[in-house]
There are 2 protein chains.
Amino acid sequence: MADPMYRQIADDLRRQIEAGELPPGAQLPTELELREKYDASRNTIRDATKWLITRGLVETRPGQGTFVIERIIPFVTTLTGDPKTASGGEGHTYIERGVPGGEAEPDYDREVMVSRRTPQASQPKIEIQQASALLAGELSIEENAIVVSRHQERFIDGTPWSLQTSFYPMSLVERGATRLIQAQNILEGTVEYLRDSLDIKQAGYRDVITVRAPDETETRFFNLPDDGRVSVLSTRRTGYDQNGQAFRLTLSVYPADRNQFVVKVGEVPADPTAASANRQS
Amino acid sequence: MADPMYRQIADDLRRQIEAGELPPGAQLPTELELREKYDASRNTIRDATKWLITRGLVETRPGQGTFVIERIIPFVTTLTGDPKTASGGEGHTYIERGVPGGEAEPDYDREVMVSRRTPQASQPKIEIQQASALLAGELSIEENAIVVSRHQERFIDGTPWSLQTSFYPMSLVERGATRLIQAQNILEGTVEYLRDSLDIKQAGYRDVITVRAPDETETRFFNLPDDGRVSVLSTRRTGYDQNGQAFRLTLSVYPADRNQFVVKVGEVPADPTAASANRQS
DNA sequence: GGGTATTTGTCCGTATGTATT
DNA sequence: AAATACATACGGACAAATACC
């Protein structure tokens, strides 16, 4: 009761959305209508919808109205894989577009679509750079040592899915892995390429996962609302060879609103998605 | 140039923050001062600071002013572990509070604190429930079958760190794992307990990671700003026994602003943090 | 403890611009 | 071209939180 008016209005609308009275895609009453319904000024109504916007419940479309957000069917990326091949980058990466599920409570009636998808990647943009402090530390090389940077935009079914940059010490190129500095996809995967060309085997890798607000480039590429309400999940993958020496660092960024990640440890049954989706009626 | 005024003001302030002219913790000019500086109305100034707030750059304190956000030293949780013991819940979970690092670019001068921390957990709140559809699917039991829910609040150094709920089929209790329905921590971990009491060995587990906006309970518990700009990262861990049968489901929620997650696959050297933090000068 | 100044939070009103139908 | 609906910007008023004397 002590809540400010715009919060009470927002809470009431949220209740309607969560109760399904305003289903996904439905248009909310216009600001003018809400103004009359709640007997508040237009600015107060707008404060309420802003509150709903930052929570990802509604979106506004100029000239049209305010609408309940449609739930996005997420891409599912598995972070664990065979270290001998898993590059998390170029090469074969299989993505499920399906529904391992949201949280426990909500009980959406949504289509189950479990289909394996291979992302398409842009031609890599190659840069020769000096190692930053972080990079030098991760790759155990001197700061300002020369590294190769391979940057790619990745899509699934045409929708922007991930931005990715991999770094390799220039010494690998000097030792013969010359394709690293060619602006061409390494289709078999850089991990396999380095194994075949330099006998560097990836014995393991470490991912560090962080959530943060998107920067301007990411907002543009992913087509995120520019009010920053959708955060991005970034992974930093450091690959180690058989001697425990880091030889690559891959930074990937995914928009948090359309991605899920899976980590499997030990023996895990194959088809979780179908299992969790099959509701016995 | 076509940018609205509030964006120009926000961009100018953002530039000052990123350039270090306004270091973390510093107070921004008051709304009145900014009003004069940019020759705009107070509401326009407030729109600009709102833009900065949703991007996590500043925070406002009523009666005091607007301040540049202080960077939080994140908790680091490792998601991969020995499936035979890793519960991701009660029992021994080691957390590093340290700095695997943010993104590549920023070059903070911040203290390196790598110390192993054991989280403290509240006494579990036990509930006997009927399985939801998701739960039934994950645990391969009938919908509306009876399950035990163990809910805990977890803290590190007194700061709220995670909310966690584990579900077990009631059949486990009937078969003798009676401590599951006691409101007492299972210190050795429920995974070990089930192995010792019922000879159920956890052969593997799967984590599904999702990012979403916090609900009200989470906002309150984690002390998050109630404008929903900080999202939460939620993990759903399904544990499988030696027969590929799921026997537990653990939902955990972590505030995204003070947590990082690590996934290790294959052979990974032990001490990455120190390595990445040690800058040769 | 009380009072006052400062600063942000809420709410109102109005006007004009811009995007969509 | 006109109507509709949201976006931006201005102005003012009072409330609530905080700090300081």
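Just so you know, these numbers use all the heavy atoms, side chains as well, and skip hydrogens, waters and symmetry mates. So you know, we letter chains A, B, ... as the sequences are listed, proteins then strands, and number each from 1.
- Proximity of residues 30-47 of chain A to DNA chain C (heavy atom under 4.0 angstrom from any strand atom) is restricted to A40(A), S41(A), R42(A), N43(A), T44(A).
- For the side-chain hydrogen bond (donor to acceptor under 3.5 Å, both in side chains) test, no residue two or more places apart in sequence or in another chain qualifies with T219(A).
- V230(B) meets the side-chain contact (heavy atoms from CB on, under 4.5 Å) test with L224(B), P225(B), D257(B); sequence neighbours excluded.
- For Q27(A), there are no side-chain hydrogen bond (donor to acceptor under 3.5 Å, both in side chains) partners at least two apart in sequence or on another chain.
- Listed by chain and number, the residues in a side-chain hydrogen bond (donor to acceptor under 3.5 Å, both in side chains) with Q120(B) amount to none (sequence neighbours excluded).
- Under the side-chain hydrogen bond (donor to acceptor under 3.5 Å, both in side chains) criterion, S41(B) pairs with T44(B), not counting sequence neighbours.
- Nearest nucleotide to the side chain of P62(A), out of dT10(C), dA19(C), dC10(D): dA19(C).
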Output a table of donor-acceptor pairs, distance under 3.5 Å, between side-chain atoms of residues 56-67 of chain A and any protein atom two or more places apart or on a different chain; print 'none' if there are none.
residue, atom, partner, partner atom, Å
E59(A), OE2, R61(A), NH1, 2.9

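- Checked against salt bridge (charged side-chain N to carboxylate O under 4.0 Å, His left out), E31(B) has the following partners two or more places apart in sequence or in another chain: R42(B), R46(B).
- The list of salt bridge (Lys or Arg N to Asp or Glu O under 4.0 Å) pairs with a residue in residues 4-15 of chain A, not counting sequence neighbours, reads R7(A)-D11(A), R7(A)-D226(B), D11(A)-R14(A), D12(A)-R15(A), R14(A)-E18(A), R14(A)-E216(B), R15(A)-E21(A).
- P29(A) meets the side-chain contact (heavy atoms from CB on, under 4.5 Å) test with E33(A), L34(A); sequence neighbours excluded.
- Axis angle between the ends of the helix from dG2(C)-dC21(D) to dT21(C)-dA2(D), five pairs each and rounded to 10 degrees, works out to 20°.
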Listing time: all N or O pairs from protein to nucleotides 19-21 of chain D that are below 3.5 Å?
residue, atom, partner, partner atom, Å
dA19(D), OP1, Q64(B), NE2, 3.4

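- One side chain, S252(A) or Q164(A), offers a donor N or O that lies under 3.5 Å from an acceptor on the other.
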